Each structure stands twice: as structure tokens, then as C-alpha cells.
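If you're wondering where the values come from, they're calculated on a predicted model, not measured in any experiment. The first residue of the sequence shown is numbered 1, and numbering continues consecutively from there.
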Amino acid sequence: YSDLPEFFQELSAKHETSHDALKLIVLTAQRQGDVRSARWDQFDLDKAVWDCVVNKRKKNEDTIHRVPLPNEAVTILKRRADYSRNEEYVFASTSGSGYLSEHALRKALEVLRRTDEAGRRITMHGFRTTLMNLSQVYAIETDKLVEQQLAHVEKDQTLAAYMRADLLGRRAVLMQKYADYAMGSFVPEGTKVPTL
């Protein structure tokens with residue numbers, strides 16, 4: 001998580017479709033498949049909300065997960081909307097049919113040549129871990145709220161029966177702080193300001 005501001009600054013300088021999809025993965029902490037297949041009709045940019053269709057593969061059913069969009073994500077999406085030639089998918093395939101492939105995203109990430117502390121190449125799924133780690137280390141929000149942002153299913157059936165609020169407002173505050181951290185404009189207490 002400490003490398004996120006430097007990484008995001010480098011990523012922000014790129015404006016290909018695959019790079020914009022990577023930015024949305026970082027800024028929302030959603031799964032790459034859900035971001036790649038996002039459709040324009042799922043977004044309310046005025047309210048800064050994405051009704052993300054999350055595929056539950058084990059149950060073979062789709063659910064809607066409301067995702068708060070930080071300001072930077074809205075800016076990226078509005079820019080894409082201005083230049084979009086595809087009325088269905090936000091990250092349309094360059095071939096003109098369907099949406100961006102996972103391979104295209106992996107290739108865009110590999111070009112940035114980033115590794116973790118153990119020297120392994122970073123992954124798109126790792127950005128979800130980054131959100132959780134940053135929140136835990138600096139006590140930004142509860143683990144349960146972060147889990148809700150990540151669209152994790154509560155395993156305790158009794159607790160799940162009582163947890164019915166989506167806490168969108170609290171998650172919006174969390175994700176704006178996270179986006180601000182990624183862009184280098186929010187420094188949690190006890191951290192050193194990364195040199196960009």
C-alpha cells in the first residue's frame with residue numbers, strides 16, 4: 001500500500017482504455033471482471049454510484065453491489081463517456097465487439113513493471129488487498145465496512161441476516177480517502193509523505 005501513490009501517479013499519465021480500467025479497479029477496489037464488463041447503464045455519475053453486477057459463480061447468479069465512486073473515478077468515467085463510441089460497455093473492446101479482455105489488462109499492468117516486497121509481479125486482485133491493508137494499518141475504517149466495499153459475503157448467517165444496510169455513505173467516505181491517498185493528497189496519521 002505504501003507504493004500506491006507512486007504507482008497511481010505513473011498510471012494516471014496513461015489514457016488507453018486498459019489503463020482507465022486499471023484506474024477504476026484501483027479507485028473502487030472491485031474485481032477486474034466486474035470492471036471490464038461494466039455497462040454505461042449501471043452508472044449514475046451525478047450521484048457518483050455504480051450498480052455493479054457481481055457474478056456469484058458458485059451460485060451461478062448475479063447480484064447488484066452498489067459501489068460509491070470517488071471524485072477521480074467520476075472524472076475518468078465522464079472523460080470516457082465524452083469519447084465513447086460504444087453505448088453498452090464502458091471499456092469496450094477495440095475490436096468493436098464485447099468488452100476489454102483480461103489479457104489486455106494484464107498486459108497494461110505488466111508494462112508498468114511493478115513488484116511487491118517479495119519481488120513478485122503485482123496483480124489486479126492485489127489492489128483489493130491494498131485497500132484492506134491501508135485501512136487496517138491506519139484504522140481508517142472497520143474491517144467489516146471494507147469487506148462490504150469488497151462485496152464479500154458475510155459467512156456468519158445470523159450476522160448476515162441482521163446486516164441489511166449497504167452503508168453507502170460511509171463507504172463513500174472510505175473510498176474518497178483511499179482515492180485521495182492513491183493520488184497523494186491524503187496522508188493518514190503516522191505515515192511519511194511519499195516522494196512523488
Colleague: Indicate every side-chain donor-acceptor pair of residues 11-19 with a distance under 3.5 Å to a residue at least two apart or in another chain.
Modeller:
{"unit_1": "S12", "atom_1": "OG", "unit_2": "F8", "atom_2": "O", "d": "2.8"}
{"unit_1": "T17", "atom_1": "OG1", "unit_2": "R80", "atom_2": "NH2", "d": "3.3"}

Colleague: Can we say D82 and R79 salt-bridge, meaning some charged N sits less than 4.0 Å from an Asp/Glu carboxylate O?
Modeller: no
Colleague: Just wondering, do V35 and L22 contact through their side chains at under 4.5 Å, heavy atoms?
Modeller: no
Colleague: Going by the rule side-chain contact (heavy atoms from CB on, under 4.5 Å), which residues pair with D3 if we only count those two or more places apart in sequence or in a different chain?
Modeller: none
Colleague: Counting distance only, does the side-chain N/O of Q42 pair as donor-acceptor with the main-chain N or O of W40 below 3.5 Å?
Modeller: no
Colleague: T28 and Q30: which non-hydrogen atoms are nearest, and at how many Å?
Modeller: O-NE2, 2.9 Å
Colleague: Could you check if a side-chain atom of L45 sits within less than 4.5 angstrom of a side-chain atom of L69, using non-hydrogen atoms only?
Modeller: yes
Colleague: Do the non-hydrogen side-chain atoms of L24 and I76 ever get within less than 4.5 Å of each other?
Modeller: no
Colleague: Quick one, V173 and R170 - any side-chain contact, counting heavy atoms below 4.5 Å?
Modeller: no
Colleague: My understanding is that only residues two or more places apart in sequence, or in another chain, count here; which of them pass side-chain contact (heavy atoms from CB on, under 4.5 Å) with N71?
Modeller: Q176
Colleague: Who passes side-chain hydrogen bond (donor to acceptor under 3.5 Å, both in side chains) against E88, sequence neighbours left out?
Modeller: none
Colleague: Answer yes or no: is there a side-chain heavy-atom contact under 4.5 Å between V53 and D34?
Modeller: no
Colleague: Who passes side-chain hydrogen bond (donor to acceptor under 3.5 Å, both in side chains) against D41, sequence neighbours left out?
Modeller: R39
Colleague: Evaluate salt bridge (charged side-chain N to carboxylate O under 4.0 Å, His left out) for K177 paired with D180, printing each intermediate quantity in order.
Modeller: CA-CA 5 Å; K177 283 182 181 178; D180 290 345; over 6 Å; no
Colleague: Any side-chain heavy-atom pair from V26 and F7 closer than 4.5 angstrom?
Modeller: yes
Colleague: Return the minimal non-hydrogen interatomic distance between M175 and P68, and the atom names on each side.
Modeller: CG-CG, 4.1 Å
Colleague: Check which hydrophobic residues are tied to Y99 through side-chain heavy-atom contacts below 4.5 Å, counting indirect links as well, and list them.
Modeller: Y89
Colleague: Find out whether Y178 and P70 are in side-chain contact, i.e. whether some heavy atom of one side chain is under 4.5 Å from a heavy atom of the other.
Modeller: no
